Amino acid sequence: MNGTSSTTVGRDEAAAFALPERALVGVGSRPFGIYVHVPFCATRCGYCDFNTYTAGELGTSASPQSWMEGLRRELDVAAQMTGAPAVDTVFVGGGTPSLLGGDGLADVLGAIRSSFGLAGGAEVTTESNPESTSPEFFDRLRAGGFTRISLGMQSAAQHVLKVLDRTHTPGRAVAAALEARAAGFEHVNLDLIYGTPGERDEDLDLSLDAVLSAGVDHVSAYALIVEDGTALARRVRRGELPAPDDDVLASRYERIDARLAEAGLTWYEVSNWARDDAACRHNLGYWDGGDWWGAGPGAHSHVGGVRWWNVKHPARYADQLAAGALPVGGSEQLTAEDVHVERVMLTARLRTGLPVPELDAAEQRAAEEVVADGLLVREGDHLVLTDRGRLLADAVVRTVLR
Ligand SMILES: C[S@@+](CC[C@H](N)C(=O)[O-])C[C@H]1O[C@@H](n2cnc3c(N)ncnc32)[C@H](O)[C@@H]1O
Ligand code: SF4
């Protein structure tokens, strides 16, 4: 990113990592979130480049136990460094958090409660893979204090799940969502991926029918990204699978938006739809420049304009914490320019829109051109993406910032 004063720190610096006083001003007076990264998966999906490891890849170098010990230490240090603000939102992601089981996830939340404490009405989400859930699992999470479940459904079409290397059967994600709701979860999200090679319009319709039959209050839908270095990228390069087509992706997005809107799920971020008051507060914190501590291997944090990230490998993560150091892999102090660029990039994608007063004169002129092109519309002192603008959100941001 332009103007970022980014540094990668070594072991000694990591041991000495500290937040400057100015970053801590106001912490606790604005929403504070905790993200916990669970770096384990049963198998690796061919499209995924997240920081996650199978048991075979880890061997004896790290385990859920060594990860949990490291996590407890990290949370304790985090609470000391930040003054332990009450936590407004928790998001346990991965990887596959549901591999920890209901008891393991309840322990994670217990560790957050004992280090920081939760604010009244806190939103507490865990991601889960449909195949590693059950009614008992959801009951345990509910009793443990979780308030929201996010399930990686991706598709309801068997052949699409196969291309994605997903191991759940087509009906399992909806069944899991219904089990979560029966356990008392009012807030359930289903993640979809669209544009997978071989997916047809009728496959997407099947997925949308399934999502709507589950009665969830939140849907995230992501265009399939062919990430460098993944098995999917190798298959596309060898010509075994076609790359996702931009026109197809655009028409699928429109199909998703129309079906969800008709059912009362409206977009609040380009890739996220929710019923009233069901937007994910934790993710809104990321998009609105909030404070959060990201714990776990490879997790990113942001507090008061300082951003840092942990070492990626679970063995190194646990070793550094056992040696008494924060497992910091790098950090950067955001400049005013960085903060501005990020705010434009993130707020432009939100239904609430881009605040015009935050744009300088040249940006406001560029934004007016985008309005004239029909990609942004003015609502009060905000600029909001039009339906067509949502398909071209990255280009809109580039034009405004050029
Ligand atoms: C990394 S996963 C972690 C949660 C869980 N293991 C799962 O797969 O649902 C979170 C979400 O990221 C999305 N995702 C991961 N890789 C992607 C890619 N290459 N393209 C589009 N979406 C992707 C999927 O929708 C997935 O549900
Ligand atoms: S289960 Fe989720 S995190 Fe694990 S490899 Fe698949 S997409 Fe990635």
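Bear in mind the structure is a predicted one, so any value in this text is a computation, not a measurement. One-based numbering, in listed order, for ligands and for the atoms of each.
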Engineer: Does a donor on one side chain and an acceptor on the other come within less than 3.5 Å for Tyr53 and Asn51?
Structural biologist: yes

Engineer: Does a side chain donor of either Arg235 or Tyr47 reach within less than 3.5 Å of an acceptor in the other side chain?
Structural biologist: no

Engineer: Closer than 4.0 Å to some heavy atom of Arg166 - which atoms of ligand 2 meet that?
Structural biologist: 1 (S), 2 (Fe), 6 (Fe), 7 (S)

Engineer: For ligand 1, what is the set of protein residues having any non-hydrogen atom at a distance below 4.0 Å?
Structural biologist: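 Under the 4.0 Å cut-off, ligand 1 touches Tyr47, Phe50, Gly94, Gly95, Thr96, Glu127, Asn129, Gly152, Gln154, Arg166, Asp191, Ile193, Tyr222, Ala223, Leu224, Ile225, Glu227.
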
Engineer: Look at atom 6 (Fe) of ligand 2 and say which protein heavy atom is nearest, naming residue and atom and giving the distance to 0.1 Å.
Structural biologist: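 Here the nearest protein heavy atom works out to Cys45 SG, 2.3 Å.
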
Engineer: Got the closest protein heavy atom to atom 8 (Fe) of ligand 2, with its distance?
Structural biologist: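 Result: Cys48 SG, 2.3 Å.
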
Engineer: Please write down residue, atom name and distance for the protein heavy atom closest to atom 4 (Fe) of ligand 2.
Structural biologist: Cys41 SG, 2.3 Å

Engineer: In the protein, which heavy atom is nearest to atom 1 (S) of ligand 2, and how far is it?
Structural biologist: Asn129 ND2, 3.1 Å

Engineer: Examine the side chains of Ser115 and Asp76 and answer whether a donor and an acceptor come within less than 3.5 Å of each other.
Structural biologist: no

Engineer: To check your reading of the model: name the closest protein heavy atom to atom 7 (S) of ligand 2, its residue, and the distance in Å.
Structural biologist: Tyr47 OH, 3.3 Å

Engineer: The test is salt bridge (Lys or Arg N to Asp or Glu O under 4.0 Å); show your working for Arg390 and Glu254 and say whether it passes.
Structural biologist: CA-CA 10 Å; Arg390 275 190 279 157; Glu254 286 172 333; over 6 Å; no

Engineer: Mind listing the closest non-hydrogen atom pair of Pro355 and Arg343 along with its distance?
Structural biologist: CG-NH2, 3.9 Å

Engineer: Can you name the nearest heavy-atom pair linking Arg44 to Asp49, along with the distance?
Structural biologist: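 That closest heavy-atom pairing would be NH1-CA, 4.0 Å.
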
Engineer: Measure across Asp107 and Met68 and return the closest heavy-atom pair with its distance rounded to 0.1 Å.
Structural biologist: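 Here Asp107 and Met68 meet closest at O-CE, 3.7 Å.
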
Engineer: Give me the residue, atom name and distance of the protein heavy atom closest to atom 3 (S) of ligand 2.
Structural biologist: Gly95 N, 3.3 Å

Engineer: With ring centroids as reference points, do Tyr286 and His300 lie under 6.0 angstrom apart?
Structural biologist: no

